[in-house]
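Worksheet: one structure, shown below.
Just so we're clear, the structure is a prediction, and the values are computed from it rather than from any experiment. Chain identifiers are assigned alphabetically (A, B, ...) following the order of the sequence lines, protein sequences preceding nucleic acid strands; residue numbering begins at 1 within each chain.
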Amino acid sequence: MFALVDCNNFYVSCERLFRPDLKGKPVVVLSNNDGCAVARSQEVKQLGVPMGIPWFQMQALAQRHHIVAFSSNYALYADISGRVMRVLRDMVPHSEVYSIDESFIDLSGIEDRQELGYQIRQRIGQWVGIPVCVGIGSTKTRAKLANHIAKKHTEFEGVFDLEAQTSTQQSDWLKRLDASDVWGIGRQLKQQLETFNIHTAYDLQHADVSWIKKRFSIHLARTIEELRGHACLKLQAMVTARQQIMVSRSLGVYVTQEEELRQSVISHAARASEKLRKDGSVTHAVMVFIQTNPYRQQDDQYTASQWVPLVTPSQDSRCIIAAAIRGLQTIYRPGYRYKKTGVMLSDLSPADVQQGDLFDPGADDRRQRLMLTLDTLNHKLGRDTLFFAGQGVRQRWHMRRDLKSPAYTTDFNDLPRVSG
DNA sequence: TCTGGGGTCCTAGGACCC
DNA sequence: TCTGGGGTCCTAGGACCC
């Protein structure tokens, strides 16, 4: 038996923590570069604003309804997420952090599941200040679905146990839910399923599994089994190491010069290297990509990527930056207005099982000490206190975040003040 | 004018080998 | 004119998630 604990409108709830005046008011949080609305308060959802709509397209609506917008403040959300997960971890023996705002819980052996659900909701609400909903089901997929119901139907006060329903009631719920409400059914699958007359979660649950496996995929077949209550997915209590690291950003302005493109690529490579060392991994290959704005069809389009293998796997920023620059040189073409660049590290392995440099045995040690110093200083004194000259100083291309809230919980200078 | 970022997993197809 | 079969490995791309 599983429960899924999911924070309501998480980013918006985080912003409201420090702006209680915004409770009950329409609020959105925007993606990087103030591009799209990626989190919407209940009031905004009720206005019919879809997830991921470009901010500039909802300007008129925003003005009419006095919608308050924030640039995303990931430092804040990550910190609040950590607090939510800590409270949860103290309440149950086995949990799996699934995303920044959701956690699965193993409920085996728990007698009063709903009671525990209410306790979780109450405690996170009181101790952290974030509203959550709890969905309970015999499989992860059913727990997800139950959570969906808990969110939509306020009469359950945030906790819904699908398995506490009679089987007729369960079927009724599944008939009322769209197939695309099921975890793992996205836009494409929804469309294809519809051509076979599969519209609701109930239809999907009763589809022929072996036919689905042949016509679609093993993945969808598993989803159906999960819907039927046969658990295919286990709780992943251990955090497994990442297999790739990606850093990419849209550019704040269009860039045509190679020098500016290089600055952004170097910055991404430096950031990716930092993540790599934090994970305790080394990379065997570096990929760099650049692209123009695909939405501007009147412009000449160009996207390109290049893999650069490393002779010896590394976690040294200088090495990774050098590889990224080499990659960029092979794909850069003048005459285009570039809008996005990125760096990807893949083929990662743990740093502690690496071979040393045969010809300069001391090199690794010196390298490690230098990188450690770099990371320690930047962690202590703020990101980019020490940075590579190639990242540039002016950074005209840097993304826009005009509407960002202060780092209330992670920067002393931004601590909220209480007066009066 | 303005359209996110970072992941995972699966599959199809090509290259290569015997 | 007719041109095998089966296996592995790798990569690119697509679909999904939040």
Side-chain angles (χ1 to χ4, degrees), chain A residues 4 6-11 28-40 50-60 62 69-74 77-78 81 97-104 140-141 144 147-148 179-193 213-223 232-233 236 239-254 268 271-272 275-276 279 284-285 287 289 291-299 303-307 309 337 339-348 399-403:
Chain A
L4 177 69
D6 192 324
C7 303
N8 302 355
N9 322 322
F10 182 57
Y11 294 175
V28 293
V29 174
L30 306 176
S31 61
N32 273 332
N33 244 346
D34 295 342
C36 305
V38 289
R40 303 154 295 157
M51 173 71 172
I53 184 182
W55 173 230
F56 75 90
Q57 279 178 14
M58 52 178 287
Q59 285 302 312
F70 289 94
S71 303
S72 32
N73 184 346
Y74 291 111
Y77 312 148
S81 170
V97 177
Y98 176 67
S99 75
I100 193 163
D101 71 334
E102 310 166 71
S103 221
F104 283 106
K140 281 181 161 183
T141 304
K144 269 267 193 191
N147 193 287
H148 186 88
S180 59
D181 291 331
V182 176
W183 193 29
I185 313 298
R187 273 223 328 272
Q188 301 293 321
L189 275 177
K190 172 191 161 77
Q191 251 183 34
Q192 289 183 47
L193 287 170
K213 200 163 156 183
K214 261 202 306 230
R215 173 62 182 76
F216 291 91
S217 66
I218 177 79
H219 188 240
L220 188 56
R222 246 187 332 234
T223 295
C232 306
L233 305 168
Q236 293 200 303
V239 184
T240 48
R242 279 189 281 204
Q243 296 175 31
Q244 61 175 220
I245 289 173
M246 162 111 115
V247 177
S248 72
R249 290 282 180 282
S250 294
L251 302 163
V253 295
Y254 287 103
H268 298 340
R271 180 85 191 100
K275 290 186 180 184
L276 186 68
D279 280 11
H284 295 239
M287 189 197 81
F289 73 85
Q291 57 179 245
T292 50
N293 184 353
Y295 296 103
R296 281 186 64 89
Q297 297 194 340
Q298 63 271 42
D299 287 3
T303 71
S305 62
Q306 178 70 48
W307 278 106
R337 290 157 35 105
K339 186 59 179 167
K340 189 174 186 175
T341 63
V343 168
M344 190 151 103
L345 310 179
S346 89
D347 205 354
L348 310 184
M399 68 175 176
R400 289 193 314 276
R401 278 167 109 185
D402 299 334
L403 308 164

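In this structure, the helix from B/dG5-C/dC18 to B/dC18-C/dG5 shows an angle of 20° between the axis at its start and the axis at its end, each fitted on 5 base pairs and rounded to 10°.
Every salt bridge (Lys or Arg N to Asp or Glu O under 4.0 Å) that A/R271 has, sequence neighbours left out, goes to A/E274. A search for salt bridge (Lys or Arg N to Asp or Glu O under 4.0 Å) contacts involving A/R215 returns nothing, not counting sequence neighbours. Listed by chain and number, the residues in a ring pair (Phe, Tyr, Trp, His ring centres under 6.0 Å) with A/W55 amount to none (sequence neighbours excluded).
Within 4.0 Å of A/N32, counting heavy atoms only, lie sugar-phosphate atoms of the nucleic acid but no base atom. Contacts of A/R296 with the nucleic acid, taken as non-hydrogen atoms under 4.0 Å apart, involve only primed sugar atoms and P, OP1 or OP2. The residue A/L30 sits apart from the nucleic acid: no heavy atom pair falls under 4.0 Å. When heavy atoms are screened at a 4.0 angstrom cut-off, A/Y254 is found touching the sugar-phosphate backbone but no base atom.
Note on A/K340: every side-chain N or O is 4.0 Å or more away from OP1 and OP2 of B/dT3. OP1 or OP2 of B/dG5 lies within a sub-4.0 Å distance of a side-chain N or O belonging to A/S250. Close to B/dC2, at under 4.0 Å from its OP1 or OP2, lies no side-chain N or O of A/K339.
Nearest-nucleotide assignment on DNA chain B puts the 5′-proximal partner with A/N293, out of A/N293 and A/K213. Nearest-nucleotide positions on DNA chain B for A/S217 and A/G52 put A/G52 closer to the 5' end.
Rounded to an integer number of Å, the gap from CD1 of A/I53 to P of B/dG4 is 13 Å. We find that CZ of A/R337 is positioned 11 Å from P of B/dT3, with the value rounded to whole Å. We find that CZ of A/F70 is positioned 19 Å from C1' of B/dG4, with the value rounded to whole Å.
Note that CZ of A/F10 is 5.5 Å distant from CD1 of A/I100, once rounded to the nearest 0.5 Å.
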**Fill in**
5' to 3', nucleotides 6-18 of chain C under a 4.0 Å protein heavy-atom cut-off (B base, S sugar-phosphate only, - none) gives ---------SSSS
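Each of A/E102, A/H148, A/K140 was compared with A/L4 under the side chain to side chain contact (heavy atoms under 4.5 Å, CB included) criterion, and only A/E102 meets it.
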**Prompt:** Given the rule in the side chain to side chain donor-acceptor pair (under 3.5 Å) test, do A/D101 and A/Y77 qualify, once you have shown the distances and angles that lead to the verdict?
**Reply:** CA-CA 9 Å; A/D101 71 334; A/Y77 312 148; over 6 Å; no
**Prompt:** When you look at A/F104 and A/L233, which way does the side-chain contact (heavy atoms from CB on, under 4.5 Å) test go after all the steps?
**Reply:** CA-CA 11 Å; A/F104 283 106; A/L233 305 168; over 6 Å; no
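If you check residues 240-247 of chain A against DNA chain B, the residues with a heavy atom closer than 4.0 Å are A/R242, A/Q243, A/Q244, A/I245, A/M246, A/V247, listed by number.
In this structure a side-chain-to-backbone donor-acceptor pair under 3.5 Å is missing from A/S31 to A/V38.
Side-chain atoms of A/D6 and A/Y98 form no donor-acceptor pair, as typed in the model, at a separation below 3.5 Å.
Taking atom C1' in both C/dG4 and B/dC16, the straight-line distance is 16 Å, to the nearest Å.
With contacts defined as side-chain heavy-atom distances shorter than 4.5 Å, the pair A/W183/A/N147 does not qualify.
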